[in-house]
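Written out below as structure tokens is the structure these notes cover.
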Amino acid sequence: MIRVLLVEDHVSFRQALGIALSFEPGIEMVGEASTLFEAHTKLDGVDVAVIDLELPDGVGTDLIEPFHSINPNGQVLVLTASSSQTDILRAVELGASGLLHKSAGVSDILSAIHRLGAGELLWSPAELLELMKLARRERAEREAALQLLRKLTAREHEVLRALASGSSDRDIAAELSIGVETVKTHMASILAKLQVESRLQALVFAVRHNVVRLE
Amino acid sequence: MNYRRSTETNVQTKVGVMVYAAALSDNDCEEFRVLLVNDPRSYRDSLTLALRRLRPAIRFLAADPDRADVEIKSFVPHLVVLSDAQLIGKDVEWSWVLLYPEGTQLAIVGTPSESRRIASFDLDELLGFLDEVKSLRCGAGLSRGTVI
């Protein structure tokens, strides 16, 4: 019997999938949880944990390490609505054994659970290696970007946020009670520190690394 | 399926639904039909499987949202589970469950005469609403033209 824990905050889906799993030969539903907090109390004695990434109190990947420390032979199947490569790579890096998009059918989920329960990998060794390489590269890029962003002063961050809201130099100057020429000086400094050539590139960089949000 | 709209617009909401239910043609409840066209597919598939287990007398059909219009015309559902609010026109003749709009936890359930929001929507809520719609449309004692 493959003992399965479902961690998913959309309750009707979780319950329905739980019913589908409970009728599946070879699978035993041993727990359900809506939050990370609740899931932490139910990790013991689980063979396969099916975990949603977006939970009300955090990210599902935060469960992967504690799950493995309690169940060294257990497997994690991430089920997500996200198509973000960052999310996928983070899950792989932390030790997820498989990842399915929520657009998959129930038969795909059942098949993945059976395969993981039988000790199979959902990724081939070559795919896993490639994913790990990508994860390392992305982490290195993220760290390099963070280093550049740390060079910005608090005032330069304010200018960048104002730029993201669509303000002109004159608007930014008025908003921050500084001169237009000072705004231009800050802009030049931002471009140099972020190693980009235009305001648009600076904005894309800032958005990509969650420094500003576009309204 | 031809529904006759109740002219009693001032009755309380639930009574309004009952009057509406009473106005159905006699053949409407020989087979209660539920169409699931919600996204994502894993939700749709799981709900369909679970509902078939829990309500074996009801006919359930799951279809891709892109086919919703076609299936509504051919399957003629009494209740539609969906995630695209745009499908709910003002003159729809079916009841509906709008499930987790914009990724929220809530659902909005509606009949042709009323709607309500349900926070933290679970399977019991879905079954309760399904049974309520089925009972109002097909319940004993309600025949065509019954005055409530």
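Order of the sequence lines fixes the chain letters, A, B, ..., with proteins taken first and strands second; residue numbering starts at 1 for each chain.
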Side chain, backbone, both or neither of B:Thr104 within contact of chain A (heavy atoms, under 4.5 Å): backbone
Counting only heavy atoms from other residues, nucleotides and ligands, does the tally under 6.0 Å from CZ of A:Arg14 exceed 12? yes
Can you tell me how the ring of A:His10 sits relative to the ring of B:Tyr43, calling it parallel under 30°, perpendicular over 60° and tilted otherwise? perpendicular
Using a cut-off of under 4.5 Å on heavy-atom pairs, state which of B:Ser42, B:Ala107, B:Ser120 scores highest against chain A. B:Ser42
Answer with side chain, backbone, both or neither: which region of A:Glu8 has an atom nearer than 4.5 Å to a non-hydrogen atom of chain B? side chain
Near A:Asp44 CG, under 6.0 Å, is it more than 12 heavy atoms from other residues, nucleotides or ligands? no
Taking atom CD as the centre, does A:Glu54 end up with more than 12 heavy-atom neighbours from other residues, nucleotides or ligands that are less than 6.0 angstrom away? no
CZ/B:Arg117: more than 12 non-hydrogen atoms of other groups inside 6.0 Å: no
Under 4.5 Å to a heavy atom of chain A? For B:Leu54 that would be side chain
Closest approach of A:Val11 to B:Phe121 (non-hydrogen atoms, all atoms of both residues): CB-O, 3.8 Å
Let me know if B:Leu49 has heavy atoms under 4.5 Å from chain A in its side chain, its backbone, both or neither. side chain
Among the options A:Ala20, A:Ala16, A:Pro56, A:Ala81, pick out the one with the most heavy-atom pairs lying under 4.5 Å from chain B. A:Ala16
Would you please go through residues 95-107 of chain A and name the residues with a non-hydrogen atom below 4.5 Å from one of chain B, in numerical order? A:Lys102, A:Ser103, A:Ala104, A:Gly105, A:Val106
Between B:Asp122 and A:Gln15: side-chain donor-acceptor atoms closer than 3.5 Å: no
Side chain from CB out, backbone as N, CA, C, O: work out which of these in A:Ile109 comes under 4.5 Å of a heavy atom of chain B, or both, or neither. side chain
Kindly give the heavy-atom pair with the smallest separation between A:Phe13 and B:Ser46, and that separation in Å. CE1-OG, 3.4 Å
B:Leu99 and A:Ser12: which non-hydrogen atoms are nearest, and at how many Å? CD1-OG, 4.1 Å
